[in-house]
Amino acid sequence: MSDEIDNIAELEHQAKDELKKTKSADELEAWRVRYLGRKSKIVNILRSLAGYPIEQRKTIGEYANKAKIGLTAQMSYQKGHIDSSAHQILERAKIDVTLPGEPCQLGRLHPTTRTIKEICDIFVSMGFQIVEGPEVEWEYYNFEALNMPAEHPARDGFATLWVDYQTETGARPMLMRTHTSPVQIRTMEKIKPPVRVVAPGRVYRYEATDATHEWMFSQVEGFAVDRNITMADLKGTLFEFARRLFGQDRKCRFRCDYFPFVEPGVEIAIDCFMCGGKGCRLCGNTGWIEILGAGMIHPEVLRGCGIDPEEYSGFAFGMGVERIPILRYGIDDIRLFYANDLRFLKQF
Ligand code: DAH
């Protein structure tokens with residue numbers, strides 16, 4: 001019997017020695033199979049106990065079991081040791097540089113942003129600078145200073161979103177700007193002529209939305225003030241702009257229009273780039289597409305900004321931004337621009 005016990009002790013000793021030398025999960029597993037697996041010596045001894053007389057069976061069994069339990073405990077200790085060893089941590093953190101990378105979706109600019117950039121780039125190349133103004137605006141800048149005093153009928157053309165602004169001295173009328181023209185006033189108050197500016201930005205209208213109306217859209221405003229600026233400067237600048245944006249062979253049409261802040265006021269159209277002027281769905285069978293409003297800045301507007309209209313003159317213009325991609329790409333619903341539908345946005 002003591003032979004058996006000695007054998008087990010010897011085995012246990014050897015197993016412990018080898019356990020200490022294991023360095024990886026694989027080596028540990030091989031060790032487990034060898035010393036604690038179904039075909040290991042200890043398990044064999046336990047299995048053959050039935051062949052021993054009862055007294056021996058008890059002693060050997062107890063001894064072998066203790067050895068098995070002891071080795072199992074040591075194995076889990078060694079496992080913890082291996083798992084936390086620097087080598088294993090490095091092994092797990094290893095990067096396979098041959099694996100294909102995660103595909104990275106490229107973002108793109110919103111069609112409105114792209115168009116604003118395109119418009120501004122053309123004017124910047126002509127010597128204009130870019131200026132921005134606030135979207136929440138005083139009534140004074142949006143209407144009053146633009147020659148639209150209270151009760152002026154032209155105010156009806158701008159469905160206005162009013163903002164209550166209460167001060168200690170009472171309410172001061174504020175609104176969401178209905179056009180970018182107030183930036184003209186803010187700029188002329190600060191920068192004395194000569195000045196050439198383009199002002200892109202969002203504008204707001206209190207409007208029920210449908211395929212051709214949005215309550216928020218974008219405009220680009222522009223103006224130039226200096227001595228001796230004439231209608232010829234307006235025409236030359238804006239025709240050149242229209243041709244750079246829509247193609248050098250475009251014809252431009254120049255007609256009278258009315259805006260309170262300019263005198264005279266004009267509307268500029270290009271011949272339809274779809275039908276070449278014959279008349280089609282895009283141009284509503286007129287052959288012409290209106291692209292912007294403009295005019296010579298009204299003397300009252302200049303005077304209100306502290307600029308003497310006897311000495312200086314200027315021209316101004318304003319255009320809707322979304323209208324340009326709508327025309328170019330045949331987009332049939334302006335609401336698509338701000339619906340955040342990636343299927344739409346990804347096409348640009
Ligand atoms: N602000 C006008 C609008 O929203 C557009 C406009 C017309 C701007 C004529 C101008 C201009 O500067 O001269 O309808």
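Quick note: residue numbers are just sequence positions, from 1. Order of appearance sets the numbers: ligands from 1, and atoms from 1 within every ligand. Just so you know, these numbers use all the heavy atoms, side chains as well, and skip hydrogens, waters and symmetry mates.
- By the criterion of a heavy-atom distance under 4.0 Å, both the backbone and the side chain of A316 are placed next to ligand 1.
- Neither the backbone nor the side chain of M319 has any atom closer than 4.0 Å to an atom of ligand 1 (non-hydrogen atoms only).
- Here is the list of ligand 1 atoms found below 4.0 Å of a heavy atom in Q184: 12 (O).
- Short contacts between ligand 1 and G295, defined as distances under 4.0 Å to a heavy atom of the residue, involve ligand atoms 13 (O).
- The distance from ligand 1 to the heavy atoms of V262 drops below 4.0 Å at these ligand atoms: 13 (O).
- Residues V195 and Y312 share a hydrophobic cluster, clusters being chains of Ile/Leu/Val/Met/Phe/Trp/Tyr side chains in contact below 4.5 Å.
- When each of F261, F217, Y204 is paired with H179, the ring pair (Phe, Tyr, Trp, His ring centres under 6.0 Å) condition holds for F261 and for no other.
- At a threshold of 4.0 Å, the pair K58-E62 does not count as salt-bridged, since none of the basic side-chain nitrogens sits closer than that to a carboxylate oxygen.
- Closest protein heavy atom to atom 12 (O) of ligand 1: E221 OE2, 2.6 Å.
- Here D271 pairs with R250 in a salt bridge; the nearest charged N to carboxylate O distance falls below 4.0 Å.
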task: Please report the C-alpha distance between F348 and L109 in whole Å, then the side-chain angles of each, then the deciding distance to 0.1 Å, and finally whether the side-chain contact (heavy atoms from CB on, under 4.5 Å) criterion is met.
output: CA-CA 8 Å; F348 299 94; L109 292 179; over 6 Å; no

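- Heavy-atom proximity to R205, at under 4.0 Å, picks out these atoms of ligand 1: 4 (O).
- Screening F123, F223, F241 for a ring pair (Phe, Tyr, Trp, His ring centres under 6.0 Å) with F128, the sole residue that qualifies is F123.
- Two residues are said to be in side-chain contact when any heavy atoms from C-beta on lie closer than 4.5 Å; V203 and S218 fail this criterion.
- Where the criterion is an N or O separation shorter than 3.5 Å, residue side chain and backbone included, H179 meets it with respect to ligand 1.
- The shell of residues lying under 4.0 angstrom from ligand 1, judged by heavy atoms, excludes F223.
- Cation-pi check for R186 over Y141 is met; the charged atom lies under 6.0 angstrom from the ring centroid and within 45 degrees of its normal.
- E137 has no carboxylate O lying under 4.0 Å from a charged side-chain N of R202, or vice versa, which leaves the two without a salt bridge.
- When non-hydrogen atoms are compared, ligand 1 lies under 4.0 Å from the backbone of F317 (N, CA, C, O) but not from its side chain.
- Summary of contacts: the protein heavy atom closest to atom 11 (C) of ligand 1 is F261 CE1, 3.5 Å.
- Residue S181 approaches ligand 1 through these ligand atoms, each under 4.0 Å from one of its heavy atoms: 1 (N), 8 (C).
- Within the cation-pi definition used here (under 6.0 Å to the ring centroid, within 45° of the axis), K235 qualifies as a partner of F254.
- Heavy atoms of E267 found under 4.0 angstrom from ligand 1: none, in either backbone or side chain.
- Residue-ligand proximity: F158 is placed with a non-hydrogen atom under 4.0 Å from ligand 1.
- Scanning the protein for heavy atoms near atom 4 (O) of ligand 1, the closest one is Q219 NE2, 3.0 Å.
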